[in-house]
Amino acid sequence: MALLASPPRTFSPLQERILRLKKEKNAVLLAHNYQVGEIQDVADFVGDSLGLSYKAQETDADWIVFCGVHFMAETAKIVNPSKRVIIPDLDAGCSLADSCPADKLAAYLAANKAADGRELYVVSYINCTAGVKALSDVICTSGNAVNIVNRIPADREILFAPDRNLGEWVHEKTGRPMRYWDGNCYLHVEFTHASLTKIRAAHPDAPIVAHPECTRPVRLLADEVCSTEKMVHYCRDSAAPAFIIATESGMLERLRRELPHKEFIPAPTDLCACADCRFMKQITLEKLAASLETGNPEIVLDPEVARKALPSLERMLEWSR
Ligand code: 13P
Ligand code: SF4
């Protein structure tokens, strides 16, 4: 008899119900890496914003049930508008998306032109609303931002929205001058140079892996700065047995499941021993089961906004293939 690489998975009654409903409704369940482990366990795909956008675009399921935050489910609806897209809690937002209201961006673009008199070339991080995507030339994620910016014609002046930290990291990698929108992720900016220095002193041999939404003093301490999906690849390929992870807590669940023989240490913030995104954690197994029962809450978009938001997303998906 062959030995199983990992113990067989056992599901709770609620998880069993979710798996049954998923089949009955012909639903695909997409979960972001920051979701709690019990949700990741029942998902069809667990990944970063980029990977999940491709899965949403490609699926032939009738329903897309998105366990993540609102802009992610909205993106799924924009790239695959004929599907019913469901998010278990419509109020699961994102501080970065909130930091750039579409009307403020429109006003900025009306008042500010590039030095050569042309429009600014707007690169928006996927953590933004459909209204902001509709005003953007191309979208990026943390997984492809460097490649996307490298593809933009050299004679165009760039506005990077809404995450200043990610934008500055991309600038460091590409050398490309940019203007920045002054937004941030409330959670990632809570990691500090002091909180990381303290955990490094306790685990001096463990590489620090940080998300580019972290501030520069944290990024400078990190051995690797990358998207959540690339964190899995980095930790798998590295010979190190233990890693300090400076991002949201759900990521550690994904890493521990994929790489059970390695140790993952949550980087503390100044406020807390481990970092939970309060928006991601609004999605629970109970809400997921209820949304599969009812097909609600559904993502409903203004068709005109959705139509205008599609080209910037399609450009990203095409440039990242
Ligand atoms: P990733 O695309 O790297 O998963 O990041 C999404 C996010 O919201 C990070 O805070
Ligand atoms: Fe938004 Fe930050 Fe939560 Fe990511 S971790 S979803 S950027 S608030």
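As the structure lists them, so they are numbered: ligands from 1, and atoms in each ligand from 1. Only heavy atoms go into these numbers, but all of them, side chains included; no hydrogens, no water, no symmetry mates.
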is_close_aromatic(F160, Y180), centroid dist under 6.0 Å: no

Around R256, counting heavy atoms of other residues, nucleotides and ligands shown, do more than 12 lie under 6.0 Å from its CZ? yes

Quick one: are S53 and L317 in side-chain contact, heavy atoms under 4.5 Å? yes

Heavy-atom cut-off of under 4.0 Å around ligand 1: list whichever protein residues fall inside it, by chain and number. H32, Y34, D48, S49, Y125, N127, S142, H188, H211, E213, S227, T228

Around K198, counting heavy atoms of other residues, nucleotides and ligands shown, do more than 12 lie under 6.0 Å from its NZ? no

Ion pair present between E16 and R20, side-chain N to carboxylate O less than 4.0 angstrom? no

Sequence neighbours left out, cut at 3.5 Å: what donor-acceptor pairs do the side chains of residues 199-206 make with other protein atoms?
from: R200; atom 1: NH1; to: L221; atom 2: O; distance (Å): 3.3
from: R200; atom 1: NH2; to: D223; atom 2: OD2; distance (Å): 2.7

According to salt bridge (charged side-chain N to carboxylate O under 4.0 Å, His left out), does anything in residues 52-72 pair up with another residue at least two apart or in another chain? List the pairs. none

R278 to Y186, cation-pi by 6.0 Å centre distance and 45° axis angle: yes

Y34 and S249: side-chain donor and acceptor closer than 3.5 Å? no

For atom 2 (Fe) of ligand 2, state how many protein N, O or S atoms fall inside a distance shorter than 2.8 Å. 1

